[in-house]
Participant: 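Sending over a structure as structure tokens; questions will come in a sec.
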Amino acid sequence: MSILEVNDLSVKFRVRDGEVAAVNKVSFALEKGEILGVVGESGSGKSQLVLSMLGLLASNGEASGSVKFDGQELIGMKPAALNEIRGDRVSMIFQDPMTCLNGYLTIAKQMTEVLMLHKGMDYQTALARSTEMLDAVKIPDAKNRVKRYPHEFSGGMRQRVMIAMSLLCKPDLLIADEPTTALDVTVQAQIIELLNDLKEDLGMSIIMITHDLGVIAGISDNVLVMYASRAVEYAPVHGLFESPNHPYTKALLRSIPRLDKAGQEDLYAIPGNPPNLLHLPQGCAFAERCDHQKEKCLEDRPLLRSVSDGRQKACHLDVLP
Ligand SMILES: Nc1ncnc2c1ncn2[C@@H]1O[C@H](COP(=O)(O)OP(=O)(O)OP(=O)(O)O)[C@@H](O)[C@H]1O
Ligand SMILES: [Mg+2]
């Protein structure tokens, strides 16, 4: 059985001018020990997709559809029940570390509390385990630093503290929203290695949201590509990089530097802008920016459909030229 089954998950935000369709009928499954990479332009709905799963939407937001974690429905679950799962079996690394760290409490206090609450540890055992975890994310002098306050850490260190916190309870599912953006490349590589080890050792499943396609290539088993609130492509990572099936994915890949391709043409920038989520077009949301646009693309919205080798795409074209 999949550890996570997401079906037709949608998120809407009520705003003065109407409704923002932040996530539209996204479906996917995640297996135990699988790492799913989620990519897509800024504003495409990546964060709201995962926040909605854990009941963490802003007050003007509403989720619909189904998210089953280990068979349990999360959408509509009572906050108290969600609280029990969050931070224990499922944990999340937020895009902004200060949303989850409390500035008034020492790191030791914040980390040990989680272990005492969810795992019933005494303070000393919890402190030893917290220090061990800070060591694992390469916080120098963790034994002393653990007694400090969040503002005494640099941005990159805070991000690492948050990664350490999220791993404390050895969750079955880790959701990481841009976990390595504030880190320099060597630390980033160490964190990725740590996550990979945890996946191997604990069979932990991970959803990894990132702008960094290098990180995606290095860590994911499968990749979900989002565009304007919808999933437009889903594929095993190698297939996606070798032969993207959706014009948006192809454009995205062309817009990153490749060290393995000599004599590469200039870096590509996708022309135009993504559509307004208050007024999504009737047809394909990418059509306006697509090199392969046909009349049909403006009229009918292509649904995500299975193609070959476990791959899916939302595009009318059968093969990309
Ligand atoms: N509380 C809110 N009210 C109205 N609209 C919102 C609210 N929160 C998010 N949105 C909108 O939902 C859409 C998706 O946002 P989301 O945070 O998921 O983007 P993202 O893909 O994570 O982008 P980024 O890569 O910049 O983090 C955006 O258009 C955003 O403006
Ligand atoms: Mg985001």
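Since we're looking at a predicted model, the values are computed, not measured. We count ligands from 1, going down the list as the structure has it; atoms in each ligand are counted the same way.
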Participant: Is there a donor in the side chain of Glu34 and an acceptor in the side chain of Ser205, or the other way round, less than 3.5 Å apart?
Facilitator: no
Participant: Any N or O of Phe13 that comes nearer than 3.5 Å to an N or O of ligand 1?
Facilitator: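 Between Phe13 and ligand 1, no N or O pair is found under 3.5 Å apart.
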Participant: Is the side chain of His316 donor-acceptor paired with the backbone N or O of Gln293 at a distance under 3.5 Å, no angle test?
Facilitator: no
Participant: Is it the case that ligand 1 has an N or O less than 3.5 angstrom from some N or O of Glu178?
Facilitator: no
Participant: Out of all atoms in ligand 1, which are within 4.0 Å of some heavy atom of Asn60? Include the element for each.
Facilitator: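 Every atom of ligand 1 under 4.0 Å from some heavy atom of Asn60: 1 (N), 2 (C), 3 (N), 4 (C).
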Participant: Show the atoms of ligand 1 that are less than 4.0 angstrom away from any heavy atom in Leu277.
Facilitator: 13 (C), 29 (O)
Participant: Where does Ala58 meet ligand 1, judged by heavy-atom distances below 4.0 Å: at the side chain, the backbone, both, or neither?
Facilitator: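 Contact part for Ala58 vs ligand 1: side chain (C-beta onward).
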Participant: With the threshold set at under 4.0 angstrom, would you say Gly61 reaches ligand 1 through any of its heavy atoms?
Facilitator: no
Participant: Whether the side chain of Gln159 engages the backbone of Glu178 through a donor-acceptor N/O pair (distance < 3.5 Å, no angle test) should be reported.
Facilitator: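 Yes.
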Participant: Under 4.0 Å from ligand 1, counting heavy atoms only, is it the side chain of Val23, its backbone, both or neither?
Facilitator: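 The answer is neither.
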Participant: Out of Met226, Gln48, Glu19, whose heavy atom is nearest to atom 18 (O) of ligand 1?
Facilitator: Gln48
Participant: Under 3.5 Å, side chain of Arg289 to main-chain N/O of Pro271, donor-acceptor pair present?
Facilitator: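 Present.
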Participant: Taking 4.0 Å as the limit for heavy-atom contacts, which would you say applies to His211 with ligand 1: side chain only, backbone only, both, or neither?
Facilitator: side chain
Participant: Of all the atoms in ligand 1, which lie at a distance below 4.0 Å from a heavy atom belonging to Ala22?
Facilitator: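 Near Ala22, the atoms of ligand 1 are 12 (O), 13 (C).
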Participant: State if Gly40 counts as touching ligand 1 under the rule of any non-hydrogen atom under 4.0 Å.
Facilitator: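 Flag not set, Gly40 not near ligand 1.
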Participant: Going by the atom numbers of ligand 1, which of them fall below 4.0 Å from some non-hydrogen atom of Val15?
Facilitator: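 Going through ligand 1 atom by atom, the ones under 4.0 Å from Val15 are 4 (C).
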